[in-house]
Amino acid sequence: MPTADAPRPDRDVTTVLRDLAWTIHRRVPEVAGLDPLPSTELAILKHVIDSPGATVTALARHLALRQSNTSAALRTLVARGLVHREVSTTDRRVTLVFPTELALADSTMISAAWSGEMREVLDRLDAADVAAIEAAAGALERLDAALHEQTPPRG
């Protein structure tokens with residue numbers, strides 16, 4: 001039987017991270033006045049907010065999505081008033097995608113609601129576990145960046 005400090009022997013850190021990411025992804029809070037977004041649209045919207053002015057090709061590549069799926073999701077996000085497209089001033093063949101004020105406001109509300117729920121859960125954990133999780137934040141950010149620098153995963 002594993003102890004609290006030792007993971008189950010059949011679960012390495014990559015499995016734990018995958019399971020945690022899935023759990024977190026599924027716990028995006030319901031926020032008053034916001035319709036839920038499918039996961040692809042949510043991932044695209046988050047990236048547009050984090051990287052305003054990205055191209056459709058860059059979004060698809062970063063998220064390991066087909067360009068046609070990315071374009072379809074963007075059409076829905078445009079229709080919902082969450083993103084807008086602009087033609088590049090340097091290359092008229094390129095379309096840049098930006099978040100709207102509504103998306104930025106929604107993103108702030110979702111973040112605040114989600115962080116509050118996560119903070120409540122963290123507060124129920126042992127102080128040593130919380131410290132270990134918080135100490136790992138930088139390493140996890142570097143892991144995420146390194147994954148994005150690699151060739152996109154199969155998708």
Side-chain angles (χ1 to χ4, degrees), residues 11-125 130 132-155:
R11 290 172 47 89
D12 70 358
V13 69
T14 60
T15 301
V16 173
L17 287 172
R18 183 199 62 218
D19 291 350
L20 177 61
W22 183 250
T23 299
I24 289 170
H25 171 74
R26 289 299 189 209
R27 295 191 65 85
V28 173
E30 299 271 336
V31 178
L34 300 181
D35 292 327
L37 290 172
S39 59
T40 299
E41 291 174 21
L42 186 60
I44 290 170
L45 181 58
K46 181 189 178 310
H47 191 68
V48 169
I49 289 169
D50 291 345
S51 302
T55 65
V56 177
T57 300
L59 285 168
R61 188 175 300 127
H62 180 81
L63 298 169
L65 297 171
R66 290 192 173 128
Q67 188 144 350
S68 60
N69 294 348
T70 303
S71 294
L74 282 170
R75 281 191 295 278
T76 302
L77 292 170
V78 167
R80 291 177 81 162
L82 297 171
V83 300
H84 71 275
R85 300 174 189 230
E86 294 179 15
V87 175
S88 170
T89 57
T90 58
D91 185 344
R92 308 283 299 157
R93 298 170 294 171
V94 175
T95 300
L96 308 175
V97 184
F98 295 89
T100 64
E101 291 301 318
L102 175 61
L104 295 172
D106 286 355
S107 175
T108 301
M109 286 189 299
I110 290 169
S111 243
W114 183 83
S115 295
E117 181 182 21
M118 290 299 292
R119 181 52 53 196
E120 288 173 17
V121 172
L122 283 170
D123 287 345
R124 293 194 309 257
L125 297 179
V130 174
I133 292 166
E134 290 176 349
L140 292 171
E141 285 178 345
R142 290 186 294 280
L143 174 61
D144 184 47
L147 286 168
H148 284 291
E149 289 171 3
Q150 269 187 212
T151 303
R154 296 177 304 276

Any side-chain heavy-atom pair of Ile44 and Glu41 under 4.5 Å: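 Answer no - side chains too far apart.
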
4.5 Å side-chain heavy-atom contact, Leu74 and Val56: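 Yes; the side chains approach each other to less than 4.5 Å.
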
Quiz: residues 91-98 side-chain donor-acceptor pairs under 3.5 angstrom, not counting sequence neighbours:
residue : atom : partner : partner atom : Å
Asp91   : OD1  : Arg93   : N            : 3.0
Asp91   : OD1  : Arg93   : NE           : 3.0
Asp91   : OD2  : Arg93   : NH2          : 3.0

About how many Å separate [atom2] of [Y] and [atom1] of [X], when rounded to the nearest 0.5 Å?
{"X": "Arg61", "Y": "Thr55", "atom1": "CZ", "atom2": "OG1", "result": "7.0 Å"}
{"X": "His47", "Y": "Thr70", "atom1": "NE2", "atom2": "OG1", "result": "10.5 Å"}
{"X": "Leu20", "Y": "Thr15", "atom1": "CG", "atom2": "OG1", "result": "12.5 Å"}
{"X": "Thr40", "Y": "Leu77", "atom1": "OG1", "atom2": "CG", "result": "10.0 Å"}

For Asp50, give me all partners under side chain to side chain contact (heavy atoms under 4.5 Å, CB included), at least two apart in sequence or on another chain.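 Partners of Asp50 by the side chain to side chain contact (heavy atoms under 4.5 Å, CB included) criterion, ordered by chain and then number, come out as Lys46.
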
Looking at residues at least two apart in the chain, or sitting in another chain, which of them share a side chain to side chain contact (heavy atoms under 4.5 Å, CB included) with Arg75?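 By the side chain to side chain contact (heavy atoms under 4.5 Å, CB included) rule, Arg75 matches Ser71, Ala72, Arg85.
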
Those residues that, when tested against [X], pass side chain to side chain donor-acceptor pair (under 3.5 Å) (two or more places apart):
{"X": "Ser68", "answer": "none"}
{"X": "Ser88", "answer": "Thr90"}
{"X": "Thr57", "answer": "Gln67"}
{"X": "Asp144", "answer": "His148"}

Closest non-hydrogen atom pair between Gly81 and Thr100, with its separation: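 The pair with the smallest heavy-atom distance is O-OG1, 2.6 Å.
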
Smallest separation among heavy atoms of Ile49 and Ala103, with atom names: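 Scanning both residues, the minimum pair turns out to be CD1-O, 3.8 Å.
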
Residues 134-143, side-chain donor-acceptor partners within the protein, below 3.5 Å, at least two apart:
residue : atom : partner : partner atom : Å
Glu134  : OE2  : Arg119  : NH1          : 3.4
Glu134  : OE2  : Arg119  : NH2          : 3.3
Arg142  : NH1  : Gly138  : O            : 3.2

